[in-house]
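Each ligand, and each atom within it, is numbered from 1 in the order the structure gives.
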Amino acid sequence: MTNIVVLIKQVPDTYSERKLSDGDFTLDREAADAVLDEINEKAVEQALQIKEAGEGEVTVLCAGPDRATEAIRKALSMGADKAVHLNDESLHGSDLVQTSWALANVLNGMGDIDLIICGNEATDGRMGAVPALLAEYLGKPQLTHMRTLEVADGVARGERETDEGVFEVEAALPAIISVGEKINEPRFPSFKGIMAAKKKPVEVLTLADTAVEEGQVGKDNAASAVTSSTPKPPRTAGEKVADEGEGGNDIANYLVAQKLI
Ligand SMILES: Cc1cc2nc3c(=O)[nH]c(=O)nc-3n(C[C@H](O)[C@H](O)[C@H](O)COP(=O)(O)OP(=O)(O)OC[C@H]3O[C@@H](n4cnc5c(N)ncnc54)[C@H](O)[C@@H]3O)c2cc1C
């Protein structure tokens, strides 16, 4: 049986306003609608496909506040079997290294795991390094930026896509995988799936249930911090060039004025 854990994160919806809290520059989670990160829907989908191709169990793991329960339910309604929710106020403001340390400790307590599937980059933090840090902390191989993935005979293999090209890669299980945008189109939860999700087990842990020690997580213990933040200015309307015979020249003059040509 393939025991798969999918790491999922609840993030502010890209369609609602994202902002940082005044003062400490942590994410203002109340300011935006929260959703299961789309890349994590794809990670769940991939785990379900691997499970459906053979035998397996899919557990989702999420570190997040109370409202992350909604993201967990979404993953369960897609078809994941159970969930672990690390929910501890002391995690607030943790940086990448601390978050990964906490996740690695939870994973260590989850028994034998064959495959850990992550998104390659969360759409809020955008550190893109949790999978690599987990590989380091857990001492397991990692395959990153995967656009295809299959598991057979104790080996995970598939295509890794980067700006440089496409590479065939493989790693012996247990391994950590991060998936990219092209991996699949995630399924929509069915009505039956939504109803079934309500009864699926969700184990809620605090840091006291892990080997994480006091002082290893949280904003005050973080090794890095955001010290200022300047939102991008909103997009302004473009310039319209009416073509009255000189349209080409007008566009060229505009581009020259902008120092683009
Ligand atoms: C406003 C803001 C400020 C931040 N400031 C800092 C800072 O100053 N220094 C710093 O180091 N970090 C900072 N972070 C990063 C923050 O700590 C990260 O959310 C966290 O460290 C994980 O990094 P990431 O989400 O960018 O992960 P990525 O590496 O981009 O995520 C990849 C994958 O890892 C998994 N994953 C990530 N987070 C979780 C989770 N919570 N639960 C389960 N799976 C998860 C998911 O599968 C995800 O798709 C900031 C984030 C935000 C939103």
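- Under 4.0 angstrom from ligand 1, the non-hydrogen atoms of Ala122 come from both its backbone and its side chain.
- What sits closest to atom 1 (C) of ligand 1 on the protein, heavy atoms only, is Leu20 CD2, 3.0 Å.
- A side-chain donor-acceptor contact under 3.5 Å links Asp88 to the backbone of Leu207.
- Residue-ligand proximity, Gly128 to ligand 1, at heavy-atom distances under 4.0 Å covers atoms 28 (P), 29 (O), 30 (O).
- Contacts between Arg126 and ligand 1, counted as non-hydrogen atom pairs separated by less than 4.0 Å, involve the backbone only.
- Around the CD atom of Glu52, the shell of radius 6.0 Å holds more than 12 heavy atoms that belong to other residues, nucleotides or ligands.
- Put simply, the side chain of Arg160 gets close to the backbone of Thr144: a donor and an acceptor are under 3.5 Å apart.
- For the residue pair Thr2/Asp114, the side-chain donor-acceptor check at 3.5 Å is not satisfied.
- Interface of Leu61 with ligand 1, defined as ligand atoms under 4.0 Å from a residue heavy atom, comprises 43 (C).
- Checking each of Ile72, Ile8, Val11 against Leu36 for a side chain to side chain contact (heavy atoms under 4.5 Å, CB included) leaves exactly one that passes, namely Ile8.
- Between Ala129 and ligand 1, at least one pair of N/O atoms sits closer than 3.5 Å.
- From the protein, the heavy atom lying nearest to atom 33 (C) of ligand 1 is Gly119 O, 3.2 Å.
- With a 4.0 Å cut-off on non-hydrogen atoms, Val97 does not touch ligand 1 at all.
- For ligand 1, the polar-atom distance check against Glu121 finds no nitrogen or oxygen pair separated by under 3.5 Å.
- In terms of modelled atom types and a separation under 3.5 Å, the side chain of Asp81 and the main chain of Thr59 share no donor-acceptor contact.
- Considering both main-chain and side-chain atoms, Leu96 comes within under 3.5 Å of ligand 1 through a nitrogen or oxygen pair.
- Not a single donor-acceptor pair under 3.5 Å links the side chain of Asp250 to the backbone N or O of Val241.
- Leu76 and Leu205 fall into different hydrophobic clusters, defined by Ile, Leu, Val, Met, Phe, Trp and Tyr side-chain heavy atoms under 4.5 Å apart, directly or through other members.
- At under 3.5 Å, a nitrogen or oxygen of Met127, whether backbone or side chain, sits near a nitrogen or oxygen of ligand 1.
- Taken from OG1 in Thr99 to CG in Leu134, the straight-line distance is 10.0 Å, to the nearest 0.5 Å.
- Ligand 1 has no N or O atom lying under 3.5 Å from any N or O atom of Cys62, backbone or side chain.
- Comparing Leu7, Val226, Ile116 by heavy-atom distance to atom 5 (N) of ligand 1, the nearest is Val226.
- Between Val130 and ligand 1, an N or O atom pair is found at a separation short of 3.5 Å.
- Among all protein heavy atoms, the one lying closest to atom 20 (C) of ligand 1 is Thr99 OG1, 3.6 Å.
- When Asn40, Leu103, Leu133, Val5 are ranked by how near their heavy atoms come to atom 49 (O) of ligand 1, first place goes to Asn40.
- When only non-hydrogen protein atoms are considered, atom 19 (O) of ligand 1 lies nearest to Lys9 NZ, 2.5 Å.
- Taking 4.0 Å as the cut-off, Asp37 does not count as a neighbour of ligand 1 on heavy-atom distance.
- With hydrogens and angles ignored, the 3.5 Å screen pairs no side-chain donor or acceptor of Gln98 with any backbone N or O of Leu91.
- The shell of residues lying under 4.0 angstrom from ligand 1, judged by heavy atoms, excludes Ala43.
- The main-chain N or O of Ala43 is never found under 3.5 Å from a side-chain atom of Asn40 such that the two would form a donor-acceptor pair.
- Side chain of Asp153 to main chain of Val155: no donor-acceptor pair is present (N/O by atom type, distance under 3.5 Å, no hydrogens or angles).
- Ligand 1 is approached by Ser94 to a heavy-atom distance shorter than 4.0 Å.
- For atom 51 (C) of ligand 1, the closest heavy atom belonging to the protein is Gly125 CA, 3.9 Å.
- Among all non-hydrogen protein atoms, the one lying nearest atom 41 (N) of ligand 1 is Ala63 O, 2.9 Å.
- Ion pairing between Glu45 and Arg187 holds under the 4.0 Å rule for side-chain N and carboxylate O.
- The nearest heavy-atom contact from the protein to atom 7 (C) of ligand 1 is Ser224 OG, 3.9 Å.
- Surrounding CD of Glu38 are at most 12 heavy atoms belonging to other residues, nucleotides or ligands under 6.0 Å away.
- Looking from atom 43 (C) of ligand 1 to the surrounding protein, the closest heavy atom is Ile8 O, 2.9 Å.
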